[in-house]
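Report on one structure; see the data block that follows.
Predicted model only: the values in this text are computed from it and were never measured.
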Amino acid sequence: GMVEFKDDLKKCLMKCGVEDQVQIFLFCDAQIVQEDFVEAINNVLNSGDVPNLYAVEDFEAIASSCKLLCQTMGMQPTKVNLFSAYLSRVKKNVHV
């Protein structure tokens with residue numbers, strides 16, 4: 001269902017953004033059980049993010065892993081900048 005799909009998608013995106021690993025999220029048309037699946041994949045392709053996907057503890061992992069990246073990019077490590085750095089890694093590393 002949708003919960004399992006979002007969990008799998010979150011695991012993939014976290015590996016891309018937090019662990020800076022290249023990941024392939026393989027998804028074929030036969031797996032489209034709900035229209036929300038397509039919307040979530042579309043969001044990943046457009047922005048690297050899916051609304052309401054992350055829990056508070058996920059943001060803590062994102063912040064700790066992207067702090068150095070923010071500083072390297074010359075940005076202050078604010079919540080917005082940390083998440084922006086995370087999304088840049090996700091976009092670089094995820095392949096759908």
Side-chain angles (χ1 to χ4, degrees):
M2 190 64 182
V3 173
E4 293 82 7
F5 175 76
K6 280 191 167 185
D7 283 344
D8 291 342
L9 189 57
K10 181 171 74 171
K11 285 177 194 170
C12 178
L13 297 181
M14 292 290 282
K15 284 188 180 191
C16 293
V18 173
E19 299 174 26
D20 201 16
Q21 294 180 3
V22 174
Q23 293 287 303
I24 296 171
F25 191 82
L26 196 56
F27 185 75
C28 67
D29 59 351
Q31 294 172 301
I32 301 172
V33 181
Q34 298 177 4
E35 191 173 318
D36 292 343
F37 289 11
V38 177
E39 185 178 338
I41 293 297
N42 187 44
N43 286 331
V44 170
L45 293 172
N46 286 324
S47 66
D49 186 28
V50 176
N52 304 316
L53 187 66
Y54 303 103
V56 173
E57 50 277 358
D58 298 325
F59 285 112
E60 292 169 4
I62 289 168
S64 64
S65 72
C66 293
K67 191 173 277 189
L68 184 60
L69 179 61
C70 265
Q71 292 169 342
T72 304
M73 296 168 72
M75 301 186 313
Q76 292 294 320
T78 63
K79 285 183 179 183
V80 171
N81 288 345
L82 289 166
F83 197 68
S84 177
Y86 168 79
L87 289 180
S88 70
R89 273 189 183 165
V90 168
K91 290 176 189 177
K92 177 187 77 166
N93 290 327
V94 74
H95 300 279
V96 179

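Residues that satisfy the side chain to side chain contact (heavy atoms under 4.5 Å, CB included) test with Met2, not counting sequence neighbours, are Phe5, Lys6, Gln34, Asp36, Phe37. The side chain to side chain donor-acceptor pair (under 3.5 Å) check on Lys91 picks up nothing, with sequence neighbours excluded. In terms of the side chain to side chain donor-acceptor pair (under 3.5 Å) criterion, residue partners of Asn46 (sequence neighbours excluded) are, by chain and number, Asn42. Applying the side chain to side chain contact (heavy atoms under 4.5 Å, CB included) test to Thr78 and every residue at least two apart in sequence or in another chain returns Gln76, Val80, Asn81. Take Glu39 and apply the side chain to side chain donor-acceptor pair (under 3.5 Å) test, not counting sequence neighbours, and it matches no residue.
The distance from the CD1 atom of Ile24 to the NE2 atom of His95 is 6.5 Å, given to the nearest 0.5 Å. If you take CE on Met73 and OG on Ser88, they are separated by 4.5 Å, rounding to the nearest 0.5 Å. Between the CG atom of Leu69 and the CG atom of Asp20 there is a distance of 8.0 Å, given to the nearest 0.5 Å.
Between Phe25 and Val44 there is no side-chain heavy-atom pair separated by less than 4.5 Å. Annotation: side chain of Tyr86 is not in contact with side chain of Asp49 (no heavy-atom distance under 4.5 Å).
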Could you pull out all donor-acceptor pairs under 3.5 Å where a side-chain atom in residues 8-17 meets a protein atom, sequence neighbours excluded?
from, atom 1, to, atom 2, distance (Å)
Lys10, NZ, Asp58, OD2, 3.0

For residues 61-68, which side-chain donor-acceptor pairs fall under 3.5 Å, sequence neighbours excluded?
from, atom 1, to, atom 2, distance (Å)
Ser64, OG, Glu60, O, 3.3
Ser64, OG, Ala61, O, 3.1
Ser65, OG, Ala61, O, 3.2
Ser65, OG, Ile62, O, 3.2

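Each of Leu87 and Met75 belongs to its own hydrophobic cluster when Ile, Leu, Val, Met, Phe, Trp and Tyr are linked at side-chain heavy-atom distances under 4.5 angstrom. Both Val50 and Val33 are assigned to one and the same hydrophobic cluster, defined by single-linkage of ILVMFWY side chains at heavy-atom distances under 4.5 Å.
The hydrophobic side chain of Leu82 is isolated, with no ILVMFWY side chain under 4.5 Å apart from it. Leu26 belongs to no multi-residue hydrophobic cluster, having no ILVMFWY side-chain contact under 4.5 Å with any other such residue.
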